[in-house]
Amino acid sequence: MEVLGQIEEKWRKAWEEAKIFEADPDPSRKKCMVTFPFSYMNGPLHVGHGFTATRVDAYARFKRMQGYNVLFPWAWHWTGETIAGASERVKTGDEDFIRALREVDGVSEEDLKKFVDPACMASYYTEQSREAVKRIGFSIDWRREFHTTSLYPTFSKFIEWQCERLREKGYIVQGTYPVVWCPHDESPTGDHDRQVGEGVAPEEYTLMKFKMDDAYLPAATFRPETIYGVTNMWIHPDADYVKARVNGEQWIISEIAANKLKEQQRKVKTVSRFKGKEIIGKHFLSPLSDRKMLILPGWFVSPANATGVVYSVPAHAPYDYLALRDLQEKPELLKEFGIDPDEVKKIESISMIRVEGFGEHPAVELVEQMGVKDQYDSKAEEATKLLYKKEFHNGVLKDICGDYSGRMVYEVKESLIRDFRERGVSDSMYDLPQPVVCRCMTPCIVKVLEEQWFLKYSDEAWKEKTKEALNQAKIYPESAIQWFLNIIDWLREWPCARKTGLGTPLPWSPGWIVETLSDSTVYMAFYTINKHIREYDIKAEQLTEEVFDYLFYGKGNIKKIAEKSHINREVLEGMRTEFLYWYPVDLRISAKELVPNHLTFFLFQHVALFPEYLPKGIGVNGVLSIEGNKMSKSKGNFVTLRNAINQYGADATRCALLLGGEGMDDPDWRRENVRDVRGKIQGFHNLANSIIETAKEEEVGHLEEWLISVLQHRIKKVTESIETLKTRTATENALFEVWNDFRWYVRRKERTDSKVLKEALEIWIRLLAPFAPYICEETWNKIGKEGFVSLAEWPISDEKKVNLKAEETESLIENVLEDTSNILRATKMVPKKICYYSAASWKWKVYLTMLEKAISTKVALSNLMKELMTDPDLKRIAEKVAKFASQVIEEINMMPSDKKHRRLKVGAVDESQALSEAESFFEKEFNAKVQTYREDDPQRHDPKRKAESARPYRPAIYIE
RNA sequence: GCAGCGGUCGCCAAGCCAGGUCAAAGGCGAAGGACUCAAGAUCCUUUCCCGUAGGGGUUCGCAGGUUCAAAUCCUGCCCGCUGCACCA
């Protein structure tokens with residue numbers, strides 16, 4: 001381990017000194033720009049990042065070896081609320097959080113003190129992570145590195161330019177929408193920022209406006225269609241209500257509701273304050289029929305829910321029925337409100353929805369059926385939900401429902417809400433169906449956020465073009481394409497600015513900061529020019545819109561731009577060249593969780609801003625788990641990249657990650673596996689060394705031909721796999737399959753001193769280099785090659801070196817080995833002597849004839865025999881021929897066509913020679929004397945007359 | 001609920017799109033053996049069941065279907081994982 005560690009350190013330094021990963025434009029070479037989404041610096045990089053990034057790096061290294069001019073840049077994401085929030089938690093002394101920083105991230109006390117400044121925190125993790133990225137051996141051009149936010153002013157200028165261009169094209173618009181809002185943080189509260197209420201979103205209630213004296217009772221409901229069945233009103237007798245002027249009208253609502261409405265763009269002025277009981281017993285009018293009805297006490301009513309005013313439809317709402325029944329059965333409850341019990345008794349349910357499986361009054365039936373006791377019974381909630389669902393999907397509105405009579409509820413719901421609104425009989429308000437509490441422990445409300453900035457991902461034309469962009473790109477794996485298409489359709493306006501957190505202020509609206517998923521979409525273009533910005537120390541002020549327009553669009557007069565910006569003309573041209581050379585992005589890879597947001601935004605924004613430079617490839621991979629569990633700091637199974645490298649080394653970490661999985665499957669990080677892979681790396685090193693040290697034998701025999709031949713297939717497989725980002729398959733082949741080839745060779749040959757073996761090793765090292773670059777660099781050097789393997793030429797599969805005969809002969813030997821062992825196992829014999837009999841040459845003649853026929857048609861025995869009998873030699877032994885043919889006919893008909901072609905091409909194999917040559921091998925394997933004969937050798941030793949059962953590729957076997 | 005991915009011989013994981021080479025790659029684990037004074041490393045064998053001659057039987061989430069032939073194609077079902085928006 002110690003040795004491997006030193007090797008890695010040595011080569012990392014060598015790469016750095018030789019600057020081999022610094023890539024500059026070179027028109028004579030094809031370019032390849034690969035990227036990994038910059039990671040968010042609220043913590044150290046972990047092995048999950050490592051997984052995706054290693055895929056990028058393996059591809060980069062592969063392409064570099066293929067001769068491409070490869071650029072793999074790197075940057076850090078600091079934008080957003082999270083770092084600011086984390087820093088805040090340090091400031092306020094959140095013990096759990098601080099413990100995690102100490103224990104998981106290994107932050108020292110001294111550094112911890114600095115974390116009260118979010119920039120220091122981000123900077124700390126950036127330093128740490130850069131170190132890890134270097135040590136794992138990613139082939140990065142560090143000259144282009146940066147981090148986001150206004151703390152990196154030149155990048156901020158780029159974001160400003162991006163926003164301006166988007167707005168100019170009409171892709172950034174303003175809108176007013178309701179959000180879940182934390183009054184303390186003064187910002188929207190996303191799902192992950194919540195202590196309570198995951199998944200809860202603002203819902204719009206319809207408020208039916210019932211007239212009462214000089215005011216309205218705006219009763220809240222999700223089912224305004226039930227207005228036709230209203231019988232009374234519910235008010236909580238003990239809750240606080242107000243009469244308030246709301247946008248010019250007098251409303252009677254709960255006090256809580258009045259406060260809520262203030263946040264929803266309503267002018268609310270409280271006129272008077274009172275307990276609910278004060279209006280109970282009064283009468284009000286239905287907005288549709290002028291029917292006079294009674295306000296009754298409803299203890300189930302929550303003043304915290306919507307307006308705290310509820311109208312009653314006992315025929316269709318279990319709560320309403322229950323509450324009414326309670327009052328009718330216990331008239332004493334009415335006493336304190338001075339209501340005449342007879343008037344309440346006279347209230348009858350009004351049936352207005354017909355629904356299959358129920359009679360006139362579904363709510364009544366359901367309550368009886370489920371045995372709900374009263375309005376306080378928890379089963380009432382259940383019954384309500386059930387009935388709502390039923391009536392919505394299957395309910396038909398009855399004749400008393402005016403224009404909507406005879407229609408299905410779900411059909412008319414939307415237009416009904418709109419109609420009521422237009423006729424002025426209803427209004428609406430937002431509220432949360434369940435409580436939401438922010439992480440800062442403040443209960444959240446709904447706020448209608450005014451004039452927020454949105455990216456207009458709802459734009460149909462934009463969507464269409466984005467689909468085209470997707471279409472022209474290579475997506476790995478292909479199964480992700482459909483997902484992307486769905487996401488493109490599904491996206492709507494995306495809020496692209498926030499009020500708080502780190503980031504770049506919107507240039508035209510400084511109170512707003514560009515949000516994280518919006519400043520991370522086209523920044524790859526910034527890599528191309530940041531090299532110069534850093535080299536020539538170009539200041540943010542110099543990076544005007546005109547400069548960017550020139551660099552990215554070639555717009556404007558360069559002379560004037562150079563003068564105005566005080567950037568050298570040559571420098572500007574160099575930057576322009578650099579952009580033109582590197583763009584578009586050839587490959588971007590991320591975990592699949594970014595498909596519904598970042599990766600799709602990445603496409604959208606390139607369509608908008610760089611339509612000539614659309615991304616060429618996108619890779620999506622699974623999400624890494626740790627020992628089968630989701631990785632998380634609180635679970636204590638958080639594995640940082642740094643720790644992984646410390647424990648197992650870079651090469652082992654890389655290979656273990658790559659071997660974990662490909663496609664969209666979730667790979668799993670297992671200590672056992674990594675440890676083992678580390679052993680393999682060590683083993684490779686040892687084997688390579690022994691081959692290098694002993695190579696001297698010049699002779700090229702059958703086994704050498706075989707090894708070089710099979711290696712050609714491995715080259716092809718690895719090349720194709722990595723090209724299509726099947727990184728697991730690629731690594732598996734480069735590491736294990738090639739290893740097995742070498743192992744078989746050594747086992748058969750019983751020596752490792754062939755020069756061909758060393759040649760084969762040269763191929764192997766190169767095949768493995770993208771995955772385990774350090775150990776390959778070391779062995780490449782040891783084998784005596786000049787230069788870095790990182791820059792060596794990728795092996796090319798050479799058809800001419802494929803030797804089918806050698807391969808088929810070798811597979812013959814393997815078959816014989818296997819068959820012999822099988823016999824030994826079945827008979828439980830300990831062999832003293834083994835005899836092999838190779839098939840007679842007439843059998844080969846028949847066999848090959850059959851193969852040839854089988855290429856085009858299914859071979860029938862009768863036709864075949866007719867043809868064979870035209871050959872006088874065969875005719876003489878017709879009986880034997882017929883017997884043999886019938887034995888192999890099934891095998892031949894079942895044989896897949898490429899195998900038929902192979903064997904035909906190879907023709908007759910000299911099995912006798914092959915077997916004789918392998919005699920000593922078999923003797924060693926079975927620890928017995930081995931003799932080989934031809935089937936028709938008259939001198940053969942064959943007491944059990946086995947020889948005649950010999951078939952091509954299937955010699956007969958006799959064991960004593 | 002909507003959408004995406006998946007369910008393979010102890011575990012991880014290929015194969016499935018282009019049906020026969022599939023009892024089904026590779027890795028791990030396990031058992032046995034070689035080497036060694038010993039341990040480790042390495043190498044070999046076995047690892048669904050049966051079998052005294054290279055063979056046979058039962059398998060690829062479940063149930064059907066298509067086909068000479070299905071892990072692979074079709075239909076229905078069951079079970080996991082992930083995403084679903086003001087947020088990285």
Side-chain angles (χ1 to χ4, degrees), chain A residues 37 39-40 42 77 79-83 177 179-181 187-193 199 201 449 452 454 457 477-480 482-487 489-499 501 515-518 520 591-598 620 622-623 625 628 630 659-668 670 672-673 675-677 679-680 682-683 686-687 726 728-729 732-733 735-737 739-740 743 746-747 815-816 818-829 858 891 893-900 902 924-925 927 944 946 949 954-959:
Chain A
S39 41
Y40 194 64
N42 66 330
H77 206 194
T79 309
E81 201 79 28
T82 314
I83 290 178
Y177 289 88
V179 297
V180 178
W181 182 264
S187 78
T189 310
D191 247 0
H192 51 280
D193 279 330
L449 246 188
Q452 252 195 117
F454 291 90
Y457 293 133
E478 282 179 7
S479 55
Q482 189 53 47
W483 192 10
F484 273 109
L485 286 171
N486 292 340
I487 297 299
D489 279 333
W490 162 88
L491 274 171
R492 47 176 203 249
E493 275 78 13
W494 180 262
C496 62
R498 297 174 62 87
K499 291 282 192 184
E515 165 275 346
T516 46
L517 281 163
S518 305
S520 55
K592 61 186 174 188
E593 55 200 3
L594 297 191
V595 170
N597 42 65
H598 168 73
V620 178
V623 180
S625 56
K630 197 177 164 134
L659 288 167
E662 63 195 12
M664 286 201 271
D665 292 347
D666 297 334
D668 193 19
R670 285 171 188 270
E672 288 275 320
N673 284 356
R675 219 175 285 151
D676 183 69
V677 172
K680 292 280 179 214
Q682 183 73 60
N686 297 344
L687 175 59
K726 291 192 170 185
R728 202 196 89 83
T729 305
E732 200 252 324
N733 275 277
L735 187 57
F736 297 122
E737 302 292 351
W739 201 316
N740 286 340
R743 197 178 286 154
V746 172
R747 183 174 161 199
N815 286 342
V816 171
E818 201 181 304
D819 277 349
T820 310
S821 326
N822 195 11
I823 294 168
L824 292 176
R825 188 174 340 122
T827 59
K828 300 192 174 75
M829 284 163 84
K858 196 169 158 178
E891 174 197 328
N893 278 330
M894 295 273 281
M895 199 181 282
S897 76
D898 66 314
K899 195 163 183 179
K900 287 183 222 167
R902 256 173 97 96
K924 179 195 66 173
E925 292 290 323
N927 196 23
K944 288 230 167 140
K946 291 280 177 192
S949 64
R954 211 85 206 271
I957 301 169
Y958 167 70
I959 302 173

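As a basis for the values below, the full set of heavy atoms in this structure was taken, side chains included, without hydrogen atoms, waters or symmetry mates. In what follows, every chain begins at residue 1, and chains take the letters A, B, ... in the order their sequences are listed.
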Subject >> Out of B/C28, B/G54, B/G4, whichever nucleotide has its closest atom nearest the side chain of A/I823 >> reply: B/G54

Subject >> Result of checking A/V677, A/T729, A/N673 against A/L659 for side chain to side chain contact (heavy atoms under 4.5 Å, CB included) >> reply: A/V677

Original post:
If you measure from the C1' atom in B/A85 to the same atom in B/G80, how many Å do you get, rounded?
Top reply: 25 Å

**OP:** State whether A/N740 places a side-chain N or O below 4.0 Å from either non-bridging phosphate oxygen (OP1 or OP2) of B/G27.
**Re:** yes

Original post:
What about A/D665: does its side chain form a donor-acceptor pair under 3.5 Å with the base of B/A13?
Top reply: no

Subject >> Nearest listed nucleotide, side chain of A/I957, among B/C12, B/A88, B/A53 >> reply: B/A53

**OP:** For nucleotides B/A70 and B/C60, find the distance between their P atoms and express it as a whole number of Å.
**Re:** 12 Å

Original post:
Would A/W490 count as stacked on B/A85 if the rule is ring centres under 5.5 Å and plane angle under 30°?
Top reply: yes

Original post:
Of the nucleotides B/A88, B/G6, B/G29, which has the atom closest to the A/Y40 side chain?
Top reply: B/A88

**OP:** Please determine if a side-chain N or O atom of A/R492 lies less than 4.0 Å away from the OP1 or OP2 oxygen of B/C84.
**Re:** no

Original post:
Under 4.0 Å between a side-chain N or O of A/K592 and OP1 or OP2 of B/U82?
Top reply: no

**OP:** Establish, with yes or no, whether the OP1 or OP2 oxygen of B/C43 is under 4.0 angstrom from a side-chain nitrogen or oxygen of A/R743.
**Re:** yes

**OP:** Both distances under 3.5 Å, Watson-Crick or G-U wobble: report the partner of B/A34, or none.
**Re:** B/U42

Original post:
Within the distance-only criterion (no hydrogens, no angle test), does the side chain of A/K592 pair as donor or acceptor with the backbone N or O of A/A480 below 3.5 angstrom?
Top reply: no

**OP:** Respond yes when some side-chain nitrogen or oxygen of A/R747 is under 4.0 Å from OP1 or OP2 of B/U42, and no when none is.
**Re:** no

Subject >> Side-chain N or O of A/N486 closer than 4.0 Å to phosphate OP1/OP2 of B/G4 >> reply: yes

Original post:
Taking side chain as C-beta onward, heavy atoms only, is A/K630 less than 4.5 Å from A/V623?
Top reply: no

